[in-house]
Amino acid sequence: EAGVVQSPRYKIIEKKQPVAFWCNPISGHNTLYWYRQNLGQGPELLIRYENEEAVDDSQLPKDRFSAERLKGVDSTLKIQPAELGDSAVYLCASSRRQGVYTEAFFGQGTRLTVV
Amino acid sequence: KNQVEQSPQSLIILEGKNCTLQCNYTVSPFSNLRWYKQDTGRGPVSLTIMTFSENTKSNGRYTATLDADTKQSSLHITASQLSDSASYICVVHMDSNYQLIWGAGTKLIIKP
């Protein structure tokens with residue numbers, strides 16, 4: 001079974017530029033998560049999808065961040081315009097369904113550097 | 001406030017030695033507690049999941065304990081190997097809204 005695939009692995013952009021990250025979850029996984037992880041900290045949830053519906057986006061900075069999950073499969077996360085403080089690793093994860101024993105599987109992440 | 005605190009922040013031990021990582025939480029309502037291992041440059045990988053009624057669970061050389069009364073958990077690593085060098089993150093799953101509360105992790109370095 002293929003894991004969660006993210007691209008690109010690394011991205012360096014100048015501040016005020018737009019950037020987009022792509023995630024392909026594990027086949028059959030209904031739930032998809034986007035996390036942001038700063039150095040030395042645990043992941044912080046940005047948005048959670050159940051199929052194509054965003055069910056938890058309370059931590060997503062909506063003034064500059066947007067996300068979509070087309071047809072309930074692949075997802076993209078966009079930042080426009082990027083700020084220096086957005087430098088972090090952006091992790092995508094997926095799971096079969098929500099429940100007590102739900103295990104989320106993570107991709108390798110996209111390391112974003114804003115200069 | 002729902003929080004997960006881990007200690008120590010970082011730890012260096014010699015290969016072959018044992019170590020114990022600590023996790024304290026103030027999360028309610030509690031559903032389960034998970035330990036993840038995160039290698040540098042990779043996403044977290046689940047090691048163990050424990051519910052309220054489970055007080056110990058093993059996964060190879062990793063043994064997690066949970067005391068739901070004191071809201072404490074520990075992860076014990078036996079006979080450490082160089083490949084154990086990673087960050088270990090404690091995560092508490094809330095019962096009400098499927099929200100995961102993440103700790104900051106303990107960075108473990110195994111030296112030969």
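Values below: every heavy atom of this structure, side chains too, minus hydrogens, waters and symmetry copies. Chain naming here is simple, since letters A, B, ... match the order of the sequence lines and numbering starts at 1 in each.
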Of A/Ile79, A/Val115, A/Asp86, A/Leu112, the residue whose pairing with A/Ile13 passes side-chain contact (heavy atoms from CB on, under 4.5 Å): A/Leu112
Considering only NZ, NE, NH1 and NH2 on the basic side and carboxylate oxygens on the acidic side, decide whether A/Arg48 and A/Glu50 come within less than 4.0 Å. yes
Which residue out of B/Gly105, B/Pro44, B/Gly43, B/Ser46 racks up the most heavy-atom pairs below 4.5 Å with chain A? B/Pro44
So which atom in A/Ala88 and which in A/Asn38 form the shortest heavy-atom distance, rounded to 0.1 Å? CB-OD1, 3.4 Å
Checking heavy atoms, do the side chain of A/Leu91, its backbone, both or neither come under 4.5 Å from chain B? side chain
Who wins among A/Ala104, A/Gly109, A/Pro43 for the most heavy-atom pairs under 4.5 Å with chain B? A/Pro43
Counting heavy-atom pairs under 4.5 Å with chain B, which one of A/Glu44, A/Gln6, A/Gln37, A/Arg9 comes out on top? A/Gln37
Report the C-alpha separation of A/Cys92 and A/Phe106 in whole Å, then their side-chain angles, then the decisive distance to 0.1 Å, and conclude whether the side chain to side chain contact (heavy atoms under 4.5 Å, CB included) test is met. CA-CA 6 Å; A/Cys92 178; A/Phe106 286 80; over 6 Å; no
Non-hydrogen atoms of chain A under 4.5 Å away: do they reach the side chain of B/Gln38, the backbone, both or neither? side chain
State whether a side-chain donor-acceptor pair under 3.5 Å links B/Ser58 with B/Thr63. yes
